[in-house]
Visitor: 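Got a structure here, written out as structure tokens. Questions coming.
The first residue in the sequence is number 1, and the count goes up from there. What you see below is based on every heavy atom in this structure, not just the backbone, and it leaves out hydrogens, waters and symmetry mates.
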Amino acid sequence: MTAPRTLVSPAALARPRGRAVYWTVFTGVVLLFALAFLFPVYWMATGAMKSPDEVTRTPPTLVPEQWHLGGYADAWELMRLPTHLWNTVVQAAGAWLLQLVLCTAAAYALSRLRPAFGKVVLGGILATLMVPAQALVVPKYLTVADLPLIHTSLLNDPLGIWLPAVANAFNLYLLKRFFDRMPRDVLEAAEIDGAGRLRVLWSIVLPLSRPVLGVVSIFALVAVWQDFLWPLMVFSDTDEQPISVALVQLSQNIPLTVLVAAMVIASIPMVALFLVFQRHIIAGIGAGGTKG
């Protein structure tokens with residue numbers, strides 16, 4: 001078998017000078033990328049610890065002259081972050097759970113049950129990806145404001161966030177492609193042993209799908225957590241607004257350092273989520289390479 005070609009040949013790496021140049025360049029590139037990604041985080045975190053005059057100074061200071069930690073405590077109280085963070089958790093968790101259940105069921109049905117006109121249904125679902133999200137805002141709002149058949153308003157209700165989030169064509173397609181690539185002999189062996197469709201889904205498909213389910217979960221949670229326009233339209237009640245809307249609505253007459261501190265606190269849950277589940281995210285990125 002032919003060895004894979006790389007930018008640096010094995011013969012060059014075998015020489016001391018070649019190894020030194022390689023590791024110098026590699027270390028420099030890694031440090032540059034780390035600096036590019038971590039410096040904005042550092043700038044935001046330290047900006048909340050500066051005085052109001054220092055944070056707007058030109059040229060800016062790289063390190064705070066005096067460390068003011070009270071900005072985080074002020075942001076926690078003045079902007080009522082516990083209430084709005086809890087609202088965001090409720091909205092994101094409900095949308096994630098419903099999306100995971102319904103998208104997984106729909107993807108499994110389209111992939112393994114192969115219903116009549118399944119390809120037509122899948123084509124219609126994928127066609128929605130061509131429609132700009134902004135074009136759907138008004139129809140969604142009219143639907144949520146007066147739900148068809150039962151004529152109930154879902155405004156100022158978490159269901160107004162949950163139900164539109166369920167219909168996610170991208171995540172459904174991602175799950176279907178993963179199910180299509182599952183080893184067929186494993187599923188057929190379970191069916192020969194007498195397992196029904198639901199049993200195969202619960203005992204075989206879902207355990208094997210943990211990487212892609214992790215990726216879909218991250219997409220679903222981040223989409224709700226960072227969304228601004230739709231929650232702004234759904235929640236006119238300030239007490240029910242998520243953190244993304246509250247940061248804008250309550251930023252009037254708030255010192256800039258307090259607002260920056262609030263943004264830092266609001267970003268912590270998503271950063272922590274990524275750090276905890278990064279192994280599953282990386283495994284899910286390569287999940288499409290599973291051979292059937």
Visitor: Do Tyr173 and Leu113 sit in one hydrophobic cluster, given that two such residues count as connected whenever their side-chain heavy atoms are within less than 4.5 Å of each other, even indirectly?
Guide: yes

Visitor: List the atom of Val245, the atom of Pro231, and the distance in Å for their closest heavy-atom pair.
Guide: CG2-CB, 3.7 Å

Visitor: Flag yes if Val248 and Ile243 sit in one hydrophobic cluster, no otherwise; membership is Ile, Leu, Val, Met, Phe, Trp, Tyr, and two members link when side-chain heavy atoms are under 4.5 Å apart.
Guide: no

Visitor: Keeping Arg210 on the side-chain end and Pro207 on the backbone end, is there a donor-acceptor pair under 3.5 Å?
Guide: yes

Visitor: Write down the atom of Tyr42, the atom of Leu62, and the distance for their closest heavy-atom approach.
Guide: OH-O, 2.9 Å

Visitor: For side chain to side chain contact (heavy atoms under 4.5 Å, CB included), just list the numbers for Val144 and Trp230, CA-CA rounded to whole Å, side-chain angles, deciding distance to a tenth of an Å, and then say yes or no.
Guide: CA-CA 11 Å; Val144 168; Trp230 181 242; 3.7 Å; yes

Visitor: Got a second to check how far Asp74's CG is from Thr257's OG1, nearest 0.5 Å?
Guide: 7.5 Å

Visitor: Counting only heavy atoms from other residues, nucleotides and ligands, does the tally under 6.0 Å from CG of Leu275 exceed 12?
Guide: yes

Visitor: Do Met182 and Ser209 have side chains that approach each other closer than 4.5 Å (heavy atoms only, starting at C-beta)?
Guide: yes

Visitor: Can Val63 be reached from Trp43 by stepping across I, L, V, M, F, W or Y side chains whose heavy atoms are under 4.5 Å apart?
Guide: yes

Visitor: Salt-bridge test for Lys176 and Asp180: reply yes if a basic N is under 4.0 Å from a carboxylate O, no otherwise.
Guide: yes

Visitor: Please test Phe26 against Val21 for side chain to side chain contact (heavy atoms under 4.5 Å, CB included), starting from the C-alpha separation and ending with a verdict.
Guide: CA-CA 8 Å; Phe26 177 78; Val21 172; over 6 Å; no

Visitor: Any side-chain to backbone donor/acceptor pair from Thr27 onto Thr24? Under 3.5 Å, distance only.
Guide: no

Visitor: Can you hop from Leu97 to Met270 via hydrophobic side chains spaced under 4.5 Å?
Guide: yes

Visitor: Hey, does Leu232 have a side-chain heavy atom less than 4.5 Å from the side chain of Gln249?
Guide: yes

Visitor: Other residues, nucleotides and ligands only: do more than 12 of their heavy atoms fall within 6.0 Å of CH2 on Trp86?
Guide: no

Visitor: Roughly how far, to the nearest 0.5 Å, is CG of Leu102 from CG of Asn168?
Guide: 11.5 Å

Visitor: Less than 4.5 Å apart, any side-chain heavy atom of Asn87 and any of Phe235?
Guide: no

Visitor: Check the pair Val224 / Trp96 against side chain to side chain contact (heavy atoms under 4.5 Å, CB included), numbers first and verdict last.
Guide: CA-CA 9 Å; Val224 175; Trp96 162 75; over 6 Å; no

Visitor: Which pair of heavy atoms, one from Phe179 and one from Arg112, lies closest together, and at what distance?
Guide: O-NH2, 2.6 Å

Visitor: If you compare all heavy atoms of Ala107 against all heavy atoms of Leu172, which two are closest, and at what distance to 0.1 Å?
Guide: CB-O, 3.7 Å

Visitor: Taking all heavy atoms of Pro115 and all of Ala109, pick out the closest pair and write down the distance.
Guide: CD-O, 3.3 Å

Visitor: Return the CG to CG distance between Leu147 and Leu155, rounded to the nearest 0.5 Å.
Guide: 10.5 Å

Visitor: Could you tell me if the side chain of Leu259 sits less than 4.5 Å from the side chain of Met79, heavy atoms only?
Guide: yes

Visitor: Please report the closest heavy-atom contact between Val166 and Cys103, naming both atoms and the distance.
Guide: O-SG, 3.5 Å

Visitor: Consider only side-chain heavy atoms of I, L, V, M, F, W and Y, link residues closer than 4.5 Å, and tell whether Tyr141 and Leu136 are in one cluster.
Guide: no

Visitor: Return the CG to NZ distance between Leu154 and Lys140, rounded to the nearest 0.5 Å.
Guide: 13.0 Å

Visitor: Looking only at side chains, do Glu54 and Thr61 share a donor and an acceptor under 3.5 Å apart?
Guide: yes

Visitor: Contact between Thr104 and Leu206 at the side-chain level, heavy atoms closer than 4.5 Å - yes or no?
Guide: yes

Visitor: Do Ile265 and Trp76 touch side chain to side chain, with heavy atoms closer than 4.5 Å?
Guide: yes

Visitor: Counting only heavy atoms from other residues, nucleotides and ligands, does the tally under 6.0 Å from CZ of Arg57 exceed 12?
Guide: yes

Visitor: Using a 6.0 Å cut-off, check whether atom CH2 of Trp202 has over 12 heavy atoms from anything other than its own residue.
Guide: no

Visitor: Within the structure provided, determine whether Thr143 and Pro148 are in side-chain contact (heavy-atom separation under 4.5 Å).
Guide: yes

Visitor: Side chains of Ser244 and Asp227: do they bring a donor and an acceptor to under 3.5 Å?
Guide: no

Visitor: Is it true that, when you exclude Trp162 itself, more than 12 heavy atoms of the residues, nucleotides or ligands shown sit nearer than 6.0 Å to its CH2?
Guide: yes

Visitor: Say whether, by atom type as modelled, one donor and one acceptor occur between the side chain of Gln99 and the main chain of Ala165 under 3.5 angstrom.
Guide: yes

Visitor: Between His84 and Leu250, is a side chain to side chain contact (heavy atoms under 4.5 Å, CB included) present by the stated rule, with each step listed?
Guide: CA-CA 11 Å; His84 297 294; Leu250 301 177; 3.7 Å; yes

Visitor: Is there a donor-acceptor contact under 3.5 Å from the side chain of Asn156 to the main chain of Asp237?
Guide: yes

Visitor: Distance check, rounded to the nearest 0.5 Å: Thr83 atom OG1 versus Asp239 atom CG?
Guide: 7.0 Å

Visitor: Could you tabulate the donor-acceptor pairs under 3.5 Å formed by side-chain atoms of residues 118-135, not counting sequence neighbours?
Guide:
unit_1: Thr128; atom_1: OG1; unit_2: Ile125; atom_2: O; d: 2.4

Visitor: Does a side-chain heavy-atom distance below 4.5 Å link Ser217 with Leu100?
Guide: yes

